[in-house]
Amino acid sequence: MQIAVSGGKGGTGKSTVAINLTIALAERYDLALADLDVEAPNDHILLGLEPTNEEPVELFMPRFDYQRCARCRKCAEVCEEHAIITMQDGTPFLMPNLCSGCAACEIACPVPGAILPGKKLMGHTYLTETPYGFPLVTGKLREGEDRAMPVVAWAKRRAQSLGKELLVVDTAAGTGNTVSKALEDSRLIVAVTEPTPLGIHDGELILRLAELMEVPAVVVVNRSDLGDVGRVREVAERHGAEVIAEIPYSENIIRSYVEGRPIVLTHHPEAGLFRDIASKVVEFLRGGE
Ligand code: SF4
Ligand code: SF4
């Protein structure tokens, strides 16, 4: 069983909701948290942890054996990414940044051994035990690399392989294909937004994506006193999503963020808000059983 914490716009407090919700849910489920915001993972920072158990994410990348290559250009012709260019005599050269690792060139090459299976490092995944009773899986894209999808897919697979009763997925911001990949298999999307014009606009995009993927969504409004929360409620209602929490701007939350101490574990009143979100999520999941 999987739930996802997502948000159309960056900086809405999505990760704060994800870690505090996960800690609260850990009292009721054997679970894992997966940070799939691979371009800027920060759940480990909010939890005050150093990621451990690093594993590389590697893709196929062709290497040419020029002793064998027949200069037939077939590899370049079949490459949809135009990652192989050929010289006048047909000698192929690879532009590694364009290669997606699909291996079509290797399959198309008529000369055995002319293309050798090289590897390209895309990023890493990490498996970190937390002091809160659940493991955190983190995906991290290699600096300078812009293909995030393989790292999202590998990190998600690593988290799923733990075989937990519940997997909480923290997605990237936006509605791109890596977000869809992260949302896939979810029973519920917790969409975190804020009541600013941009927050409302981007929040609506994630609700539309949830509809397209036929996954139920609920809404958490962060910094709810800094804009038009009524407008968020209208948008949520239009998309059949309940607003399950309104979290006002809070210095206690910011302090807990800076100190790497999750607010849900403190005695501040805001802790109750996150426990309420967890209760609503549990209610929803039980209702679906
Ligand atoms: S692996 Fe795919 S993308 Fe990369 S060079 Fe070969 S055909 Fe092109
Ligand atoms: S398909 Fe194979 S033999 Fe033909 S140019 Fe490419 S590497 Fe050389």
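Every number for a ligand or one of its atoms is a count from 1 in the order of the listing. Predicted, not measured: the structure shown is a model, and the values here were computed from it.
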**Q** What distance do Leu21 atom CG and Leu31 atom CG have between them, rounded to the nearest 0.5 Å?
**A**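 Reported to 0.5 Å precision, the distance equals 9.0 Å.
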**Q** Inspect the contact between Lys74 and Glu77 and indicate whether a charged nitrogen and a carboxylate oxygen are less than 4.0 angstrom apart.
**A**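 Looking at Glu77 and Lys74, the cut-off is not met.
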**Q** Using 2.8 Å as the cut-off, note every protein N, O or S atom close to atom 8 (Fe) of ligand 1.
**A**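 Within the sphere that stays under 2.8 Å of atom 8 (Fe) of ligand 1, the protein atoms of type N, O or S are Cys79 SG.
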**Q** Could you check whether atom CD of Glu211 has more than 12 heavy atoms from other residues, nucleotides or ligands sitting under 6.0 Å from it?
**A**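 Buried by this count: over 12 neighbours within 6.0 Å.
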**Q** Below 2.8 Å, any N, O or S contact between Cys109 and atom 2 (Fe) of ligand 2?
**A**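 It does; at least one qualifying atom falls short of 2.8 Å.
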**Q** Would you mind reporting whether Leu285 and Met1 have side-chain heavy atoms less than 4.5 Å apart?
**A**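 In short, these two side chains touch, coming nearer than 4.5 Å.
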**Q** So which bit of Arg73 gets within less than 4.0 Å of ligand 2, heavy atoms only: side chain, backbone, both or neither?
**A**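 The backbone, only.
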**Q** Please write down residue, atom name and distance for the protein heavy atom closest to atom 8 (Fe) of ligand 2.
**A**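 It is Cys69 SG, 2.3 Å.
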**Q** Can you tell me the protein heavy atom closest to atom 3 (S) of ligand 2 and the distance?
**A**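 Looking only at protein heavy atoms, the one closest to atom 3 (S) of ligand 2 is Ala70 N, 3.3 Å.
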**Q** Could you identify the single nearest non-hydrogen protein atom to atom 4 (Fe) of ligand 2 and state the distance to 0.1 Å?
**A**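 The closest heavy atom on the protein side is Cys72 SG, 2.3 Å.
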**Q** Is it true that, when you exclude Glu165 itself, more than 12 heavy atoms of the residues, nucleotides or ligands shown sit nearer than 6.0 Å to its CD?
**A**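 For Glu165, atom CD is crowded (more than 12 foreign heavy atoms under 6.0 Å).
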**Q** By number and element, which atoms of ligand 2 are closer than 4.0 Å to a non-hydrogen atom of Val111?
**A**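 Those atoms are 3 (S).
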**Q** Using a 3.5 Å distance criterion without hydrogens, assess whether the side chain of Arg73 forms a donor-acceptor pair with backbone atoms of Met87.
**A**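 Here the side-chain-to-backbone pair exists.
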**Q** Which residue holds the protein heavy atom closest to atom 1 (S) of ligand 1, what is that atom called, and what is the gap in Å?
**A**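 Of every protein heavy atom, Ala103 N, 3.1 Å lies nearest to atom 1 (S) of ligand 1.
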**Q** Taking Asp35 for its side chain and Asp43 for its backbone only, find out whether a donor-acceptor pair lies under 3.5 Å.
**A**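 Looks like yes, one N/O pair under 3.5 Å.
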**Q** Mark yes or no for whether Gln2, through its side chain, and Ala182, through its backbone, hold a donor-acceptor pair below 3.5 Å.
**A**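 Yes.
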**Q** Taking NZ, NE, NH1 and NH2 as the nitrogens, is one of them in Glu54 or Lys140 under 4.0 Å from a carboxylate oxygen of the other?
**A**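 Salt bridge between Glu54 and Lys140, a charged N being under 4.0 Å from a carboxylate O: no.
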**Q** Do Glu234 and Arg231 meet the salt-bridge criterion of a basic N to acidic O distance under 4.0 Å?
**A**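 The answer is yes: the pair qualifies as a salt bridge.
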**Q** So which heavy atom in the protein is nearest atom 7 (S) of ligand 2, and how far is it from that ligand atom?
**A**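 Protein heavy atom with the smallest distance to atom 7 (S) of ligand 2: Ile115 CG1, 3.6 Å.
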